[in-house]
Amino acid sequence: MTDRGSWSSRIGFILAASGSAVGLGNIWGFPTRVGQGGGAAFVFIYLLCIALICFPIMVSEIAIGRRTKMSPVRSFSTLKPTTYWWLVGGIGVLAGVGILSFYSVIAGWTIAYAWFSLTGQLTATQQDVSVLFAQFTSRGWVNVGLTLLVLASTATVLIGGIRTGIERVTKALMPVLIVLLVILAFRALTLPGAAEGLRYYLTPDPTRLLDISVFNSALGQAFFSLSLGMGAILTYGSYLDKRTGIAAAAIWVALLDTLIALLAGFIIFPAGFSITGFDPSTSGPGLIFAVLPRLFSELPGGEIFGATFFVLLSVAALTSTISLLEVPVSHCVDSRGWTRRRSVTTVTGIVFILAVPSALGNGSVDFFTTLPILGIDFLSLMSTIWNDFALPIGGFFTALFVGIAWGTNKALDELTLHNAWFPAKKFWKFLIRWVCPLAIALIIGATFFSLY
Ligand code: TRP
């Protein structure tokens, strides 16, 4: 067997997994969904999902990967040969392709916005800012080109071998990103109208706590943000040293990811509510692209601030696209015996074809902008299918796998190897065996039911 490589250290794994976790999901997805889900009610349910459902599944994924040292499909088939459990890895491979297909379109927007900031288009005329987003996203070929740029960059990194690259980029980037977010939050919180934004963000509307679509969205977002449910963290776990304690490393990743998402909310809502006539629930995917320019125009040197911010966001997106592409690519290498180069080019080609309708569906081509019968745009359709359904379903089966097929005791052996710290073992067993599968099944089931 060839040397699969490994992280240089415990901190290497934490950085790479955080690089995968922190991305557009935190800064674009989280505020967007808080807006659609009615504010603080969403935030509350989101935090519950992270703590009680996603975190137990996260340590399980890492344990499976590290036990087998293989990519997802092979991991499941190694632990339970001659069964159909490998299909759980199979869902993950498909989800990687599906998520990357729309994620790369949004990553393209952040690159364009770095350019718009630098050239002063964002900070110049305030009334143009909301129009700018609609105008820009309706320029179809520009969007397709930017998507291709994102995918080609991801593919290049993956062909060149990923591990040291991701570690280094993340190590340099994460502190800068956090500092910038804190500065922006301070400025946003001192704008007139900020108090109303804070109230919206932090005071739950009890009626929304009963809304099943808010639960479904929060669950999907929690999985998405932690890069969970499709074997990405499993794959990263397969490169992890046997001496590293899994629980402690996972807590770092989950805390960092949640902190950055919450921080993004402390920027967007205070800044948003300082704009007259702002309504977060109708802003849709353009939310941050309409609110942030307004914030940058309030800062001295706003062009530079804006450009730096969007460049950082593009790089954060790149460390995430890498982990998305890595799952289907490592699958082709392991299970089909293709070379790494052939796997990367083939998978990237498929993703690009699927990405075109998402790139053209924001005002450029009517058919993809308002799909017949469904009435939503293609990008939103992809995000619903893969985020809100495929990831939680992948997580559901991962929990079942650990709970009934592989066994919680065997998983715990891996989790506590070399006397690694692992808190509340009984509680974790209870969560993974009962709470995770039942809660996910209930939320997905009720969502399906409510569609009729
Ligand atoms: N977590 C990333 C974000 O928040 C997106 C992402 C990267 C992802 N890899 C993943 C989501 C694997 C699900 C599965 O932007």
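Each ligand, and each atom within it, is numbered from 1 in the order the structure gives. Position 1 is the first residue of the sequence; numbering continues from there.
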task = Start with the C-alpha gap between Phe13 and Tyr239, add the side-chain angles, then the distance that decides, and say whether ring-ring contact (aromatic ring centres under 6.0 Å, His included) holds.
result = CA-CA 8 Å; Phe13 168 79; Tyr239 306 133; 9.6 Å; no

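Put simply, the side chain of Ile304 reaches to within 4.5 Å of the side chain of Thr308, judged on heavy atoms.
From the protein, the heavy atom lying nearest to atom 8 (C) of ligand 1 is Ser227 OG, 3.5 Å. Looking only at protein heavy atoms, the nearest one to atom 2 (C) of ligand 1 is Ser20 O, 3.2 Å. For atom 1 (N) of ligand 1, the closest non-hydrogen atom of the protein is Phe224 O, 2.8 Å.
Contact between Ile246 and Glu414 at its shortest, heavy atoms only, is CD1-O, 4.3 Å. Nearest approach of Ile288 to Pro293, heavy atoms of both residues: O-CD, 3.9 Å.
Interface of Ser323 with ligand 1, defined as ligand atoms under 4.0 Å from a residue heavy atom, comprises 7 (C), 9 (N), 10 (C). Interface atoms of ligand 1 facing Ser225, defined by a heavy-atom separation under 4.0 Å, are 1 (N), 4 (O). Near Asn26, the atoms of ligand 1 lying under 4.0 angstrom from a non-hydrogen atom of the residue are 4 (O). Near Ala232, meaning under 4.0 Å from any of its heavy atoms, are these atoms of ligand 1: 12 (C).
We find the SG-OH distance between Cys54 and Tyr46 to be 8.0 Å, quoted to the nearest 0.5 Å.
Side-chain contact, Thr147 with Ser104: no donor N or O sits under 3.5 Å from an acceptor N or O. Between the side chains of Ser217 and Arg33, at least one donor-acceptor pair of N or O atoms lies under 3.5 Å. Under the 3.5 Å distance criterion, with hydrogens and angles disregarded, a donor-acceptor pair is assigned to the side chains of Ser20 and Ser227.
Where the criterion is an N or O separation shorter than 3.5 Å, residue side chain and backbone included, Ala21 meets it with respect to ligand 1. In terms of polar-atom proximity, defined here as any N/O pair under 3.5 Å, Met230 makes no such contact with ligand 1. Note: no N/O pair closer than 3.5 Å links Leu228 and ligand 1 by distance alone.
Residue-level proximity to ligand 1 for Ser320 is carried by backbone and side chain together, each with a heavy atom below 4.0 angstrom.
Within the structure, ligand 1 has Tyr103 among the residues with a heavy atom less than 4.0 angstrom away.
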